[in-house]
Amino acid sequence: MKMRPFFYEQGRKPNEPEGGYWWIEIGVPWHTIHDNETIRHELTRHALGVWDWMKNRDPLMKDRCRNYALEFIGQVPGKRESRRVMGLHLLNENELQKREAFFDECAYGGWFIDLHSPGGLLAPTSEPDSAVDYDSSLKEVALKFIGPYGIPLRALLSKDVVNLGMAGRNISVTHAALGTVRVMGTCGVMGQAVGTAAALAVVRGEDMAWVGQHEAKTLQQHLLRSGCFFAASPQ
Ligand SMILES: Cc1cc2nc3c(=O)[nH]c(=O)nc-3n(C[C@H](O)[C@H](O)[C@H](O)COP(=O)(O)OP(=O)(O)OC[C@H]3O[C@@H](n4cnc5c(N)ncnc54)[C@H](O)[C@@H]3O)c2cc1C
């Protein structure tokens, strides 16, 4: 049972047979872009090892897993973080923690600053907050719970390529700020915002940066009418 601390004390709890295995992740020493195939093979090996632990060894899980069989292991490695494009504004975690009011707010987020340990399964612990069950009475955990905060259109527009819009984990943010903006719901509302900005730019015969600078309120009104929400209520 030497493996038990690896899972139960180092933040990798297999609580349910059906899900919650976000900690099956690796990164360094491999390069997330150039070593994609190696990472895929490594992750497959680790997934099989975790499954073996749950199915055959873990005293808390093996009985619950007795009627489960492994059907498939995904073979497209997901990325939490890779390249980001420098935008007209580089959004940082301090602005998000302070819930800064941006004149060109076009989307919002609110997930906590969810930073994962480099190395993942190879690191001594997974995300340290997970090892302490996200206990918000601990200052270092509480500091990461933030939002709702606004996202400015400028962080979704490239500073060097005219009219190149971003939505998702490639936007113009610091590493720590990406820890909160990268979640799927937030990526989705960014997509709606930048798409609406593009449509407005076409109507006005201008580029998206012009829309952000001169028609931020019009953009916000379009987004509000299509059901969007803003963290810092636009006037
Ligand atoms: C293991 C893991 C668990 C996660 N868990 C959660 C969770 O529980 N909840 C949550 O909200 N978020 C979660 N996330 C984060 C979230 O899934 C991602 O941050 C989000 O999906 C990023 O969306 P995206 O559109 O920016 O990028 P992606 O979803 O990576 O989409 C980029 C797309 O571009 C395609 N592409 C790349 N290059 C090219 C090219 N040259 N030509 C054409 N297409 C190309 C890719 O194939 C891909 O489909 C998780 C991420 C990971 C890795």
Side-chain angles (χ1 to χ4, degrees), residues 1-85 109 111-131 134 156 164-192 194-195:
M1 293 305 138
K2 268 199 319 231
M3 285 303 290
R4 202 177 147 150
F6 178 84
F7 292 101
Y8 286 95
E9 286 155 37
Q10 291 164 227
R12 305 175 183 102
K13 293 176 193 167
N15 288 327
E16 297 295 332
E18 292 86 6
Y21 297 87
W22 56 263
W23 41 262
I24 303 182
E25 58 185 356
I26 53 167
V28 291
W30 294 287
H31 188 288
T32 193
I33 295 166
H34 302 301
D35 298 330
N36 207 37
E37 288 295 294
T38 312
I39 289 174
R40 173 162 68 99
H41 292 144
E42 282 296 315
L43 279 172
T44 304
R45 284 169 5 106
H46 287 296
L48 287 167
V50 171
W51 171 242
D52 176 50
W53 166 257
M54 291 164 59
K55 177 82 179 166
N56 304 316
R57 297 163 209 277
D58 183 347
L60 302 176
M61 289 298 279
K62 66 179 183 188
D63 191 46
R64 295 176 71 190
C65 291
R66 72 183 181 281
N67 294 326
Y68 282 81
L70 188 60
E71 212 165 87
F72 73 95
I73 298 176
Q75 290 297 304
V76 178
K79 314 276 180 185
R80 281 198 180 81
E81 183 162 2
S82 59
R83 290 186 174 120
R84 300 191 289 282
V85 177
W111 187 247
F112 74 108
I113 299 181
D114 184 359
L115 300 173
H116 290 231
S117 302
L121 287 163
L122 305 183
T125 93
S126 78
E127 189 182 347
D129 302 344
S130 162
Y134 302 96
L156 311 187
L164 177 65
M166 291 89 73
R169 60 184 165 74
N170 61 349
I171 71 163
S172 180
V173 277
T174 60
H175 160 74
L178 185 71
T180 159
V181 303
R182 66 154 191 266
V183 286
M184 291 180 284
T186 307
C187 292
V189 293
M190 288 185 229
Q192 184 168 357
V194 83

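Position 1 is the first residue of the sequence; numbering continues from there.
Taking the side chain as every heavy atom from C-beta outward, R12 and F6 approach each other to under 4.5 Å. R57 places a side-chain heavy atom less than 4.5 Å from the side chain of D52. Within the 4.5 Å cutoff, the side chain of E16 has heavy atoms near those of the R64 side chain. With a 4.5 Å cut-off on side-chain heavy atoms, L115 and H175 count as touching. Counting only heavy atoms from C-beta outward, the side chains of Y21 and W51 never approach each other to under 4.5 Å. N36 places a side-chain heavy atom less than 4.5 Å from the side chain of K79. Side-chain contact check for D114 versus R182: some heavy-atom pair is nearer than 4.5 Å. By the 4.5 Å heavy-atom criterion applied to side chains, V50 and P14 are not counted as neighbours.
Closest heavy-atom contact between C65 and P17: SG-CB, 4.2 Å. Nearest heavy atom pair, residue E42 against residue I26, reads CB-CD1, 3.2 Å. The minimum heavy-atom distance between E127 and S117, with the atom names listed, is N-OG, 3.5 Å.
When atom types are taken as modelled, the side chain of Q75 and the backbone of I73 share a donor-acceptor pair closer than 3.5 angstrom. Within the 3.5 Å criterion, the main-chain N or O of I113 finds no donor-acceptor partner in the side chain of T180. No donor-acceptor pair under 3.5 Å is formed between the side chain of T125 and the backbone N or O of G11. Judged by distance alone, with hydrogens and angles left aside, the side-chain atoms of D58 form no donor-acceptor pair with the main-chain N or O of M54 at under 3.5 Å. Between the side chain of K55 and the main chain of K62, no donor-acceptor pair closer than 3.5 Å is present.
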### Message
If you apply the rule side chain to side chain contact (heavy atoms under 4.5 Å, CB included), what do you find for T32 with E81, and how did you get there?
### Response
CA-CA 8 Å; T32 193; E81 183 162 2; over 6 Å; no
#### Entry: Derivation and outcome, side chain to side chain contact (heavy atoms under 4.5 Å, CB included), residues L60 and R4
CA-CA 10 Å; L60 302 176; R4 202 177 147 150; 4.0 Å; yes
### Query
Checking side chain to side chain contact (heavy atoms under 4.5 Å, CB included) for the pair M190/V181: CA distance, chi angles, key distance, verdict?
CA-CA 9 Å; M190 288 185 229; V181 303; 4.1 Å; yes
### Task
In sequence, state the C-alpha distance, the side-chain angles, and the governing distance for L122 and W30, and then conclude on side chain to side chain contact (heavy atoms under 4.5 Å, CB included).
CA-CA 11 Å; L122 305 183; W30 294 287; 3.7 Å; yes
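For H116, the ring-ring contact (aromatic ring centres under 6.0 Å, His included) partners are W22, not counting sequence neighbours.
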